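Shown next, in structure tokens, is the structure this report addresses.
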Amino acid sequence: MLKKIISVVVVLVVVVLVVLAIVINRLDPIVKTTMESAGPKMLGAPVAVEKVDFSVLRMRFELDNLVVGNPEGYNTDNAISVGKVLLKVRPLSLFTSKIHVEQVLVEDPAITYEVGLGNSNIGTLMENVNKFTSKEGEEKEEQKAEEKPEEGGKKVVIDEVTVSGGKVRLSAKILQGVAAPIPLPTISLHDIGKEKDGASMIEATAEALKGIFTGIVDCGKHGISALGDGVKDVGKAIGDGAKDLGKAIGDNAGKAVDTVKEIFGSKK
């Protein structure tokens, strides 16, 4: 009897895993399509993902070659390029009203921090996220005022978001071109959506993005400031050197004129 019970349990577990794998594999193209369609609306810049896979063994989504383009008005190729983004999810939570994401890991992102007129490309992306979320909030308030039923949707809780191994490439006119990449300090965010017992997809994504963008902007500003001071110091040194050189040339030129006068015996 015990053997029969164990056999039934094993069969049920296998069936559940197979069904789970089939359902989650069908989510892969949906996740890709959603990111590439909803991302530009939130960021005001193109978003592309080469591939989305779910690893059954590791129970996590893997996003390959995620690229966030630049907002309008910026000239560099893109703002952020990431070879791999990992999302570790509690699989069974995908079938509930609240998706539990244990970890989002962004590994070795390549970031271009381009300074424009009074802003940067990353700062503009963050402003676009703020505008988008504000607009969403206003629409929700209008729905409440008109007593319309609120649209249903899954809630999200994210335990941890980590961005590590990043490099920030600075691009600004003051630097006379593109400077060498500087290391981005590790960015860690925790407990997104937990206070509300789950945030909407838009709220959770916006909070994560704003935290990441804030870290990049701080790094970019410090890098520009440090390199800018270096450029000023170099310019000052060159300027002082040029003055000394000019003085030396002037003194020698004067001596040369005196010598010529002596040879020709004339002051003309």
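Residues take their numbers from the sequence shown, with the count starting at 1. These numbers come from a predicted model, not from an experiment.
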### Task
Give the C-alpha distance, both sets of side-chain angles, the deciding distance and a yes or no for side-chain contact (heavy atoms from CB on, under 4.5 Å) between T112 and I122.
CA-CA 8 Å; T112 300; I122 305 297; over 6 Å; no
### Task
Using the side-chain contact (heavy atoms from CB on, under 4.5 Å) rule, take T34 and M201 through it: C-alpha gap first, then chi angles, then the decisive distance, then the call.
CA-CA 11 Å; T34 302; M201 292 280 193; over 6 Å; no
### Task
Tell me, with the steps shown, if L43 and V129 meet side-chain contact (heavy atoms from CB on, under 4.5 Å).
CA-CA 6 Å; L43 295 169; V129 171; 3.6 Å; yes
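Separation of atoms NZ (K51) and CG (N65) is listed at 9.0 Å; rounding is to 0.5 Å. Between the CZ atom in R60 and the CG atom in L105 there is a gap of 8.0 Å [rounded to 0.5 Å]. Taking CG of N119 as the start and CD of E127 as the end, the distance is 4.5 Å to the nearest 0.5 Å. Taken from CD in E160 to CD1 in I192, the straight-line distance is 10.0 Å, to the nearest 0.5 Å. Atom-to-atom distance recorded for E203:CD and T133:OG1 is 9.0 Å, nearest 0.5 angstrom. Note that OG1 of T162 and CD of E107 are 10.0 Å apart. Values are rounded to the nearest 0.5 Å.
When each of T76, D77, N78 is paired with N70, the side chain to side chain donor-acceptor pair (under 3.5 Å) condition holds for T76 and for no other. Checked against V163 for a side-chain contact (heavy atoms from CB on, under 4.5 Å), the options I80, V82, I187, V85 give a single hit: I187.
Closest of all the heavy-atom pairs between P40 and M35 is CD-O, 3.8 Å. Among all heavy-atom pairs drawn from S93 and V89, the shortest one is OG-CG1, 4.0 Å. Contact detail for P109 and G165: the closest heavy-atom pair is CD-C, 4.2 Å. The two atoms that bring A204 and I158 nearest to each other are CB-CD1, 4.3 Å, heavy atoms only. G123 and V217 make their closest contact through N-CG2, 4.0 Å (heavy atoms, listed as atom of the first residue, atom of the second, distance). Shortest non-hydrogen contact noted between L170 and I224 is CD1-N, 3.7 Å.
Side chain of E114 to backbone of N75: a donor-acceptor contact under 3.5 angstrom is found. Listed for the S225 side chain is no donor-acceptor partner under 3.5 Å among the backbone atoms of H222. Without hydrogens or angle criteria, K32 side chain to V49 main chain gives a donor-acceptor distance under 3.5 Å. Using modelled atom types, one side-chain atom of Y74 and one backbone atom of S120 make a donor-acceptor pair closer than 3.5 Å.
The local environment of NZ in K88 is sparse, with at most 12 non-hydrogen atoms from other residues, nucleotides or ligands closer than 6.0 Å. Within a 6.0 Å sphere centred on NZ of K194, other residues, nucleotides and ligands contribute more than 12 heavy atoms.
Taking hydrophobic clusters as Ile, Leu, Val, Met, Phe, Trp and Tyr residues chained together by side-chain heavy-atom distances below 4.5 Å, L86 does not share a cluster with V67. Neither L87 nor V157 shares a network with the other; the hydrophobic side chains, linked directly or stepwise wherever heavy atoms of I, L, V, M, F, W or Y lie under 4.5 Å apart, form separate groups for each.
The existence of a salt bridge linking D197 and K98 is confirmed by a sub-4.0 Å separation between a basic side-chain nitrogen and an acidic carboxylate oxygen. Of the charged side-chain nitrogens involved, none lies within less than 4.0 Å of a carboxylate oxygen, so that K84 and D108 do not count as a salt-bridged pair.
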